[in-house]
Amino acid sequence: MNANVPAEDTSAVPVWNDPTLSLPTRVDALIDAMTLQEKTAQLYGAWVGASDQGGEVAPHQHDMEEAVDLEALLPTGLGQLTRPFGTVPVDPALGALSLARTQARIGATNRFGIPTLAHDECLAGFAAWGATAYPVPLSWGATFDPDAVRRMAAAIGRDMRAVGVHQGLAPVLDVVRDARWGRVEETIGEDPYLVGTIGTAYVQGLESAGIVATLKHFVGYSASRAGRNLAPSSLGPRERADVLLPPFEMAIREGGARSVMNAYTDTDGMPSAADEELLTGLLRDTWGFEGTVVADYFAIAFLKSLHGVAADWADAAGTALHAGIDVELPNVKTYGAPLAEAVADGRVPETLVDRALRRVLTQKAQLGLLDKDWNPVPAALDGADLDDPAALRGRIDLDGPENRSLARTIAEEAVVVLSNDGTLPLPLGGPRRIALLGPNADEPTAVLGCYSFPLHIGVRNPGTPLGIQLPTLRDTLAAEFPDAEITFVRGTGVDDGDLSGIREAAEAARRADVAVVVLGDRAGLFGQGTSGEGCDAETLALPGAQQHLLDALFDALLDQETPVITVLLAGRPYALGRAVEESAAIVQSFFPGEEGTHAIAGVLSGRTNPSGRLPVSVPRSPGSQPATYLGARLAHASEVSTLDPTPAFAFGHGLSYTRFDWEELAVDAQEAPTDGEFTLSFTVRNSGGRSGTEVVQLYLHDPVASVVQPVQRLVGYTRVELEPGGARRVRVTVPADVASFTGRDGRRLVEPGQLELRLAASSADPRLTATVRLTGAERHVDHTRRFHASFRQGPTA
């Protein structure tokens, strides 16, 4: 199949197909040869599903859009194919064949032989049937391990690239501002530095595999009022500049992301999709971004239908194009006929179309899609007999041993032990009788987020096999403790409010040596779950009757010593009421993916020493939102309010089964100029009885600044692995740039004055503090500033 069929002189290679020429030369020649309709065709997508028989893709009917007529679209070309693998269940090999055949047809149908760019979701793994379901991003944050996330993203990217996909719609770089928001599970956490470093690692991994990473949602989506999806954002310029923008800055500058997706929300009346100052002024003119800006699904049409800032579809198209959105997704709606008509009658300059087109074609050229020898058959089908689709079924494995090993590593590193009175790990050989209780104890999909294929697509296709193995915690505990008698009682549902099984659960707990109660969320979309897109929470109380179940267990066990271990499989943090004080241990896992129950069982047994740390605070009160650790002094507890937002477990908190001592802090110099740096060194020692990993966190406290600052904020971290009795000398260099913030005039500056550098086990557990001073003149910095405090670990002593 040859997707590049020149329209005219076949004896010569057209300029745009010649890879020996410069990209600008090739792209400009192609733009000059195109009609207006051919130009606009490159600026929109068509939502399709691959064929499970290997035939061409079929348009997807979405309830927000009319059906797309591919027959009518293809003669002028097509910019993108939307989610060929993430729309219907399809065998990966047959999906790859379907996409390849469609690409060949697209290339043969349009005058210039331009293939389409295929994109798919990859928030917690490639969202395709049979692909590995990795932990959700909130679990990535809990690892504090960019290297592991980078390896995972590279594996995801390789799988996508192997079947013909070019672009992935991830990562989400929204910083959590209100944990009631349904999409918290999709975020990396509540701290911009953690989000930025983990998100950048994901971008680096995805891009290393040749996949265009898409940063979303730019910007302000997570700051919506009351945590409601798509609600307006009450966002000041400093909060936007100092909290929400830094992850995007980092991922573009250090990650090399090649695409950005706008946020749905409006900030102070300005929808992101219409914000030229944001999408062009800041993103391109200031930061120098050269990739493509793609619309979040239906976002351009929303300028008319939801935001009311456009009179008709042509007005919406012109507004978005002028602001800087290059590609309309998921389907053609405004960038097709309405845009062409607006250009023809002079309402929209054709130069704006050419500007977006140049970015789109440049990206296609970078991907090799314009090369004369481009072949639509992806690597995974090399050498296969493409005329025998039936023989291809099962040929491609998107969930191989290497993937599952990565998934388990991240799941293990992400498990956070919040409290432990010594009950964990359970004794060697395990307890004789385990009462396994709660709605998530025997539910296979309890480990999955809303953008996993089984919950995003599979639920709409009843009867379709999951495509991956999803052992329940009941399964993995039985394997972990083969000699134990495990009694399972559901007790109640996740959110059904059913109280009828609670007495049986309490009775089972009274007969057991230990009670393990497994609570949390059910991921879903738009009200079909308790966590996920469109599943916002009124409060952070456990959904349904789960708190009743917990309290009934504590009441039933008041007169005996049976410990209760509370396990959370959730997409957001919840207030746990009496469990904070009365549970023998609390284990938190944020939708840990297909290997997640193995990871949890390993922590309960002690096979794994936990090293996860909270990427979001766990509230003490269900009504304390919005509140994060990243608050100014007035955001914390005070005598002038009856509401205390102090969390039950702070950002960065997590326990180990060994003990770490921090000692011998040394500071090379107490003072440094505002363009200088500080160097600290200290020793971390494992004084416990087993190997483990300490997560060293560095927080900056600025006592006096020209504008209000957070009490403290994370500026660096590192994982320190130590054997029992081992110690490492850790050296950290802290550039003055990390103390920068947005000043009164809106510019980012480094001010002279005193600072505290707090080396801590969490935001509430400082271990060593260095008081230092910046000297000299106030200094302005920009997006090229130094982002990181750098850590170096000496040899084990």
Side-chain angles (χ1 to χ4, degrees), residues 119-127 131-132 134-162 165-175 186-189 191-218 245-261 283 287-294 363 366-368 402-403 405-407 409-410 413-414 593 615 714-719 738 783-791:
H119 78 259
D120 247 300
E121 299 284 357
C122 56
L123 184 73
F126 182 18
T132 305
Y134 293 92
V136 298
L138 203 56
S139 273
W140 310 350
T143 71
F144 279 68
D145 190 348
D147 290 338
V149 171
R150 189 179 295 109
R151 294 194 302 272
M152 175 195 70
I156 294 170
R158 287 192 296 269
D159 285 342
M160 298 176 77
R161 206 68 185 94
V165 176
H166 308 102
Q167 181 170 2
L169 302 189
V172 169
L173 297 183
D174 295 296
V175 179
E186 301 179 41
T187 74
I188 295 167
D191 178 86
Y193 185 76
L194 181 66
V195 173
T197 49
I198 297 291
T200 295
Y202 182 91
V203 169
Q204 291 167 340
L206 206 62
E207 291 278 357
S208 74
I211 293 292
V212 175
T214 307
L215 311 181
K216 55 187 193 180
H217 305 88
F218 195 64
L245 288 176
F248 291 91
E249 292 180 87
M250 196 181 297
I252 289 170
R253 182 177 150 205
E254 297 184 348
R258 288 181 285 171
S259 190
V260 170
M261 176 180 279
L283 181 62
W287 291 356
F289 177 69
E290 296 181 346
T292 56
V293 175
V294 300
Q363 195 158 89
Q366 291 170 339
L367 291 166
E402 291 185 8
N403 284 10
S405 177
L406 273 170
T409 294
I410 292 173
E413 291 187 359
L714 186 71
V715 295
Y717 59 86
T718 190
R719 292 169 59 90
V738 304
H783 64 285
T784 63
R785 66 192 181 279
R786 296 169 69 182
F787 288 120
H788 308 285
S790 58
F791 288 82

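The backbone N or O of Ser139 sits nowhere less than 3.5 Å from a side-chain atom of Glu413 that would complete a donor-acceptor pair. Under the 3.5 Å distance criterion, the side-chain polar atoms of Arg719 are matched with a main-chain donor or acceptor of Thr143. The backbone N or O of Thr784 sits less than 3.5 Å from a side-chain atom of Arg253, completing a donor-acceptor pair. Thr200 contributes no side-chain N or O that, together with a main-chain N or O of Thr197, makes up a donor-acceptor pair within less than 3.5 Å. At least one donor-acceptor pair closer than 3.5 Å links the side chain of Trp140 to the backbone N or O of Pro135. Judged by distance alone, the side chain of Ser208 and the main-chain N or O of Gly205 form a donor-acceptor pair under 3.5 Å. Put simply, the side chain of Glu207 gets close to the backbone of Ala213: a donor and an acceptor are under 3.5 Å apart.
Taking both residues in full, the closest heavy atoms of Ile188 and Pro615 are given as O-CB, 3.3 Å, listed atom of the first, atom of the second, then distance. Nearest heavy atom pair, residue Pro247 against residue Pro192, reads CG-O, 3.6 Å. Listed here is the closest heavy atom pair of Ala209 and Ala154: CB-O, 3.8 Å. Looking at every heavy atom in both residues, Ala789 comes nearest to Val738 through N-CG1, 4.2 Å. Of all heavy-atom pairs spanning Val149 and Ile198, the tightest one is CG1-O, 3.8 Å.
The CG atom of Asp145 sits 8.0 Å away from atom OH of Tyr717, with the distance rounded to the nearest 0.5 Å. Taking CD1 from Ile156 and CZ from Arg161, the interatomic distance works out to 16.0 Å, rounded to the nearest 0.5 Å. In this structure, OH in Tyr134 is found 10.5 Å from OG1 in Thr409, a value given to the nearest 0.5 Å. To the nearest 0.5 Å, atom CD of residue Glu254 and atom CD of residue Glu249 are 10.5 Å apart. We find the OG-CD1 distance between Ser259 and Ile211 to be 12.0 Å, quoted to the nearest 0.5 Å. Atom OG1 of Thr132 and atom CE of Met152 lie 11.0 Å apart (nearest 0.5 Å).
Side-chain contact between Ile252 and Val203 is absent, with no heavy-atom pair separated by less than 4.5 Å. Within the 4.5 Å cutoff, no side-chain heavy atoms of Val260 are placed close to those of Val294. Side-chain contact between Thr292 and Arg258 is absent, with no heavy atoms from C-beta onward closer than 4.5 Å. Looking at heavy atoms from C-beta onward, Cys122 lies in side-chain contact with Leu206 at the 4.5 angstrom threshold.
A salt bridge between Glu121 and Lys216 is present, with a side-chain N of the basic residue lying under 4.0 Å from a carboxylate O of the acidic one.
A side-chain contact (heavy atoms from CB on, under 4.5 Å) with Phe218 is found for exactly one of Asp174, Leu173, Leu245, namely Leu245.
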Report task. Start with the C-alpha distance between Thr187 and Val195, add both sets of side-chain angles, then the distance that settles side chain to side chain contact (heavy atoms under 4.5 Å, CB included), and finish with yes or no. Result -> CA-CA 8 Å; Thr187 74; Val195 173; over 6 Å; no
**Report entry** Worked verdict on Met261 versus Leu169 for side chain to side chain contact (heavy atoms under 4.5 Å, CB included)
**Finding:** CA-CA 8 Å; Met261 176 180 279; Leu169 302 189; 4.0 Å; yes
Query raised in the report: Given Val172 and Leu123, is the side chain to side chain contact (heavy atoms under 4.5 Å, CB included) satisfied, shown in steps?
Result: CA-CA 8 Å; Val172 169; Leu123 184 73; 3.6 Å; yes
Query raised in the report: Between Asn403 and Asp159, does a side chain to side chain contact (heavy atoms under 4.5 Å, CB included) hold up when you go through it step by step?
Result: CA-CA 10 Å; Asn403 284 10; Asp159 285 342; 2.8 Å; yes
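Judged by distance alone, the side chains of Glu186 and His217 never bring a donor and an acceptor atom under 3.5 Å apart.
More than 12 heavy atoms of other residues, nucleotides or ligands sit less than 6.0 Å from atom CD of Gln366.
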